[in-house]
Protein chains: 2
Amino acid sequence: MELDDRKLKILTAIIQNYLETGEPVGSRTISKYTDLNLSSATIRNEMSDLEELGLIIQPHTSAGRIPSDRGYRLYVDMMLKEKEDELNNLKVELNAKSERLDTILKEAAKVIADSTNYASMITVPKYRTKKIKFIQLTQVDFSTLLCVVVLDGNLIKNMMVPCDEELPKEALLKLNLMMNTFLQGLDMQEINVSVMQKLRNEANEYSALISNILDAIAKCLEDQGVEAYTSGSTNIFKYPELNESGKASNLLYALEEKKELTDLMYKEGDSNRGIQVYIGEENPIEATKDCTFVTATYHIEDGVYGKIGILGPRRMDYEKVVGTLRNLMNELDGIFGKE
Amino acid sequence: MELDDRKLKILTAIIQNYLETGEPVGSRTISKYTDLNLSSATIRNEMSDLEELGLIIQPHTSAGRIPSDRGYRLYVDMMLKEKEDELNNLKVELNAKSERLDTILKEAAKVIADSTNYASMITVPKYRTKKIKFIQLTQVDFSTLLCVVVLDGNLIKNMMVPCDEELPKEALLKLNLMMNTFLQGLDMQEINVSVMQKLRNEANEYSALISNILDAIAKCLEDQGVEAYTSGSTNIFKYPELNESGKASNLLYALEEKKELTDLMYKEGDSNRGIQVYIGEENPIEATKDCTFVTATYHIEDGVYGKIGILGPRRMDYEKVVGTLRNLMNELDGIFGKE
DNA sequence: TATTAGCACTCATTCGGTTTGAGTGCTAAC
DNA sequence: GTTAGCACTCAAACCGAATGAGTGCTAATA
């Protein structure tokens, strides 16, 4: 049996109706609310075919039909193709490059959640190579040093390092110079024993302090898993089918824990610049098997990228989501890309 | 009618039983599971009295009794008195003063949520006077300045400030010196027009840059509401009475939005060093009227304090919560206090 | 006088059965 | 190929009886 044009139209009608209502849709509805001018009986025949093709399912005998994961998949694929070079012009309210990265990201997550009405999640860029661009040591008070590390892409990390005594100005200057000459341009993997040895040799009397500082830096930069912000998790409650029994609870837990979701997002790496869609059972995470999870990648510079994810019901407004994501990605690329 | 000792014992028994089960407790249960050796009939009489005193209520005729807000209040007050100088010895797994403040706080929120099984929230200390302790400007690349501001209590803020040109080393040094001499020890309120004017005069050719920097600092320090972290919000699902109908959704929303809750926490200021308990209707926030909200204050130094809140069902294990909070407060005071 | 046993009563919850109505599949006619 | 008509299915809504936990009251008891 072939999937002809009429069948496709009916499938689309079913999906769109289901997206709106969340209820199984029957033949009569389609017959009435499309311009196909077909009787419900004919629609029924077609539906029967579509079911045989595995694109729609009946939750139970004598109920209407709902799209199957395969059905959604077809729909989404069609739409992604259509959207390929189109552009949505939602104006994201992100301003000023001078804002701090995390503020921007939190804001972005919120914008997405608010404009789509689904739950969103955004990760702080993962630095494949966290190259050190700049280090600055400063004495804050007599027993504390402030160490600021700027990484590629202007990601700033700072940490307090305890020290025993007030350092003379010249010593501080020297330390700063040393740190920068030895460490600039390196990433954590490259700070190996020999580099550390050299540094400590140069530092002579402050070698203990240097160790402390390096430890602090290492701790700060080490792969503590991916940092991520979520927003709009309570939007989940807007969709009854996610709200029933214990489902919402598991979803929210997944959003709070974040790990599973970020792992999934990063599985694809940055190679795939496009948008990834996991529909229902396609979703490898147990808690989200009733959801659709859409992920996208934004880029700061080569090898530095973060992920955005949107979690909502199967009946997600794919057009809007994809549009919003495309848009936000452009915004982010614009904000970060021109540095 | 008097609240004699026996009545008090029965009330306590009712509350404790209800805390465990979450179900209305009947006379027979009390009669069997206490060492009072009274028949259920007697208990019934006493219960009837307790109800008249407004300490317990019947959700409906022929159901058992549950504590009223007043009943809880009595119980909590008794308990707080008992606990006054006792000390719980849960070992909080917070280490190293060198950790960054936000990491510690996130960790603390998590510890609390995990060990109590309620939702927790912790605020980043609010600086009544955000005095500037130290400012450091550094050129990160040819068009970006990094500005690090250290506030009293070693709270670090950093921001990127765009600039048009690469500044000569001496200029940067001068700017740094100026900023520190003029701004050190001031808080945002004190940076008024005259100070800014003076700064700009000194800076002459860089006066535009100075304006940018001051803007960035102001933006960064301005009262953007209180920052707060939550943890364990999904614990809410563990309590059926909070889970029914739309309640959980509202609660989670409140926890996500945070504002209302932090406002409430800060209403008390830091004057009250003790623990504050809002039971059910005592709670001014609509969404949490079915909950108990326990808040505590931790101190970093004079005028610098943060809040911890625990949100759970009315039938909260008050002993444990108060114990845990006391303990955590000590830990935090210990970590921050010795600076 | 305080306590208790006994009993009638209340009412939320559970369970089985019926009704309703949306929706299907099939068949025969167009 | 399309449609009208009809028998059939089944989830959900509705209804009422049974269940049982728990109460309040009363009369007997210590």
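Atom set for the values below is all heavy atoms of this structure, side chains included, hydrogens, waters and symmetry mates excluded. The sequence lines fix the lettering, A, B, ..., with proteins before strands; numbering per chain opens at 1.
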inquiry  = Heavy-atom nearest nucleotide on DNA chain C for B:A41 versus A:E51: which residue maps closer to 5'?
reply    = B:A41
task = For the pair A:T288 (side chain) and A:C291 (backbone), establish whether a donor and an acceptor sit closer than 3.5 Å, ignoring hydrogens and angles.
result = no
query = Is there a donor-acceptor pair under 3.5 Å between the side chain of B:S115 and the backbone N or O of B:V111?
reply = yes
query = Can a side chain N or O of B:R6 be found less than 4.0 Å away from OP1 or OP2 on C:dA2?
reply = no
inquiry  = Taking 4.0 Å as the cut-off, does a side-chain nitrogen or oxygen of A:T61 come that near to OP1 or OP2 on D:dA11?
reply    = no
ask   = Is any N or O donor-acceptor pair between the side chain of A:R44 and the base of C:dG25 shorter than 3.5 Å?
value = yes
D:dT9 base / A:S62 side chain donor-acceptor hit below 3.5 Å = yes
task = Assign the ring pair A:Y318 / A:Y75 to parallel, tilted or perpendicular, where the plane angle (0 to 90°) is split at 30° and 60°.
result = perpendicular
task = Using a heavy-atom cut-off of under 4.0 Å over every strand shown, decide if A:T42 touches base, sugar-phosphate, or nothing.
result = base
request  = Check whether more than 12 heavy atoms from other residues, nucleotides or ligands sit under 6.0 Å from atom OH of A:Y253, and answer yes or no.
outcome  = no
key: Neighbour count above 12 (heavy atom, 6.0 Å) for B:K7 NZ   = yes
task = Just report the end-to-end axis angle for the helix from C:dT1-D:dA30 to C:dC30-D:dG1, five pairs per end, to 10 degrees.
result = 20°
